[in-house]
Amino acid sequence: MSFAIDKQGDIVVVDVEGQLIVGNRQELKQKVLDELEKGGRKFLVDFTQTGYIDSSGLGVLVSLSKKIREQGGELRLANLNDDLKTLFELTKLDTLFQIADTRERALESF
Amino acid sequence: MSFAIDKQGDIVVVDVEGQLIVGNRQELKQKVLDELEKGGRKFLVDFTQTGYIDSSGLGVLVSLSKKIREQGGELRLANLNDDLKTLFELTKLDTLFQIADTRERALESF
Amino acid sequence: MSIEVPNDVRYIESVIGLIQYECRLLDFPSRYCALNLPVALSEALSNAILRGNDDDPEKAVNVSLSATTQSIVIEVRDEGPGFDLEASTHDPADPANLEREDGRGVFLMRALMDRVEQFDDDGNVVRLTIGRP
Amino acid sequence: MSIEVPNDVRYIESVIGLIQYECRLLDFPSRYCALNLPVALSEALSNAILRGNDDDPEKAVNVSLSATTQSIVIEVRDEGPGFDLEASTHDPADPANLEREDGRGVFLMRALMDRVEQFDDDGNVVRLTIGRP
Ligand SMILES: Nc1ncnc2c1ncn2[C@@H]1O[C@H](COP(=O)(O)OP(=O)(O)O)[C@@H](O)[C@H]1O
Ligand SMILES: Nc1ncnc2c1ncn2[C@@H]1O[C@H](COP(=O)(O)OP(=O)(O)O)[C@@H](O)[C@H]1O
């Protein structure tokens with residue numbers, strides 16, 4: 001499992017490859033905070049290659065989103081499969097995040 | 001793990017995806033014997049996407065090779081990584097099989 | 001099937017891998033094997049490691065799985081004193097909770113399983129049950 | 001770490017997955033985690049399931065792993081009577097063996113591990129040891 005960071009213009013795109021869980025969420029947090037530090041303000045997390053996410057994975061997305069908003073930026077999500085969508089719906093986090101069906105649509109939305 | 005069968009002209013190419021071990025060797029055996037039954041005589045097993053092979057995996061290659069030779073055909077191997085090469089060397093099976101470094105070279109060798 | 005692992009969250013993923021494998025062998029719906037069981041088990045395991053066993057590297061966590069044709073039952077045991085399941089369940093729909101980083105674990109476990117039980121048995125045991133639909 | 005699985009060869013791959021994970025956590029050489037341990041363990045497990053436990057679905061196999069900074073020790077226990085390790089080791093270089101389908105398991109186990117021991121302890125136990133190079 002790993003997190004690949006890629007820049008599309010001024011948008012920082014993070015691919016979550018594998019699981020986003022208690023054992024690796026700090027790595028995602030650090031990578032995104034580093035980009036925020038470097039001036040990134042538009043963040044897209046792409047879940048195309050993601051397996052499952054647990055509550056600490058969700059928690060890290062919530063806390064990153066808050067930190068990014070505090071700097072005037074935004075964190076958006078894309079490509080949640082049906083299982084992952086269910087997780088966001090159960091926890092009402094679908095109301096907190098802007099979630100796009102495809103990477104293209106997410107990139108255009110900023 | 002799975003076995004993908006592909007025809008290159010009159011050569012039957014089998015990709016071993018994942019492990020070749022006691023739990024799945026029968027599946028490989030059956031797939032190859034089906035092709036032999038249908039008239040295939042030139043067989044190439046490609047290990048590019050293979051993890052590890054255990055002694056029953058090696059055993060199935062030996063027995064398939066024998067059955068194919070009995071029908072006047074041949075079974076060749078390609079793309080063993082260093083770890084897998086070690087296995088063939090330890091068991092002297094590198095002397096029994098014709099092993100090519102690349103799929104192209106193996107295909108040309110028939 | 002039973003597994004005992006050191007008290008380290010880095011083992012969670014591979015324990016879940018084993019349980020997912022079993023779930024597929026038993027031919028349970030793919031959503032159960034890809035979502036319900038892995039997420040619920042990740043919650044139970046991380047709580048066992050970080051809460052019950054207080055992140056103490058000297059402790060261990062035990063997972064056992066038993067299955068019938070009708071259901072899968074998983075027990076996660078830590079060396080802690082146990083806890084109050086009801087009092088530990090927080091409603092994420094409560095606006096006060098929406099932007100919290102933590103506190104969704106027990107809720108998710110209960111939402112994704114048919115039954116979640118907590119009991120003490122020389123330590124804390126959480127039992128997760130999911131039935132074939 | 002210890003794992004108990006049903007007596008079914010389909011579990012071998014995921015048990016090995018867990019051990020490979022541990023091998024990488026312990027920062028052993030990648031060849032040990034990709035070749036030596038998985039192959040040796042697959043041999044020990046398939047023999048335990050098919051030979052020691054005679055493919056009996058009512059039986060179980062136990063795997064335990066203990067590690068120091070210097071070595072990994074894995075014990076595989078079945079419910080069988082044990083066997084003679086020396087007498088069961090066949091030399092694949094012997095021309096009479098080259099084209100045999102079976103009989104390479106114990107040889108490979110011993111070639112890939114630093115030490116292989118067999119002992120009886122309420123059943124058969126095979127102990128595999130590999131040291132950090
Ligand atoms: N195995 C356990 N041992 C002790 N306490 C537990 C255990 N599992 C859960 N708890 C308690 O339940 C609370 C809620 O857990 P959870 O919903 O997973 O949220 P979080 O762990 O993020 O606080 C924990 O904070 C803890 O007090
Ligand atoms: N766990 C075990 N219990 C009983 N006998 C065993 C066990 N492991 C190995 N053996 C014996 O050792 C022999 C050689 O094993 P191996 O080299 O793996 O070859 P194979 O299993 O293909 O015959 C087996 O045929 C069996 O008689």
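Numbered from 1 within each chain, the chains take letters A, B, ... in sequence-line order. Computed from a predicted model, the values in this text were never measured in an experiment.
- Top candidate by heavy-atom pairs under 4.5 Å with chain A, chosen from C:Val9, C:Leu35, C:Asp8, is C:Leu35.
- If you tally non-hydrogen atom pairs under 4.5 Å between each of A:Gly51, A:Gly57, A:Ser55 and chain C, the highest count goes to A:Ser55.
- A 4.5 Å side-chain heavy-atom check between A:Gln19 and C:Ile12 finds every atom pair outside the cut-off.
- Counting all heavy atoms, side chain and backbone alike, A:Leu93 lies closest to C:Leu98 at CD2-O, 3.8 Å.
- Environment of CZ in C:Arg24: crowded, with over 12 heavy atoms of neighbouring residues, nucleotides or ligands closer than 6.0 Å.
- The salt bridge (charged side-chain N to carboxylate O under 4.0 Å, His left out) with C:Glu101 is formed by just one residue from the set A:Lys67, A:Lys66, A:Lys29; it is A:Lys29.
- Counting heavy-atom pairs closer than 4.5 Å to chain C, the top-ranked of the candidates A:Val62, A:Asp83, A:Thr95 is A:Asp83.
- When side chains are defined from C-beta on, A:Val22 does not count as touching C:Ile49, because their heavy atoms never get closer than 4.5 Å.
- For A:Thr86, the part lying under 4.5 angstrom from a heavy atom of chain C is the side chain only.
- In this structure, C:Ala34 and A:Tyr52 approach most closely via the heavy-atom pair O-CB, 3.9 Å.
- Residues C:Arg31 and A:Asp82 are in side-chain contact: their nearest non-hydrogen atoms beyond the backbone lie under 4.5 Å apart.
- Between atom CD1 of residue C:Ile16 and atom CG of residue A:Asp54 there is a gap of 7.5 Å, rounded to the nearest 0.5 Å.
- Only the side chain of C:Leu112 comes within less than 4.5 Å of a heavy atom of chain A; its backbone N, CA, C and O stay farther away.
- In this structure, CG in C:Asp91 is found 11.0 Å from OG1 in A:Thr91, a value given to the nearest 0.5 Å.
- The NZ atom of A:Lys92 lies 12.0 Å from the CG atom of C:Asp94; values are rounded to the nearest 0.5 Å.
- If you tally non-hydrogen atom pairs under 4.5 Å between each of A:Leu87, A:Val60, A:Leu61, A:Asn81 and chain C, the highest count goes to A:Leu87.
- The number of heavy atoms from other shown groups lying within 6.0 Å of CG (C:Asp121) is above 12.
- Interatomic distance, OG of A:Ser63 versus CZ of C:Arg100, reported as 13.0 Å (0.5 Å rounding).
- For the atom pair OG of A:Ser56 and CD of C:Glu43, the computed distance is 6.0 Å after rounding to the nearest 0.5 Å.
- Within the 4.5 angstrom heavy-atom criterion, only side-chain atoms of C:Ala111, from C-beta onward, approach chain A.
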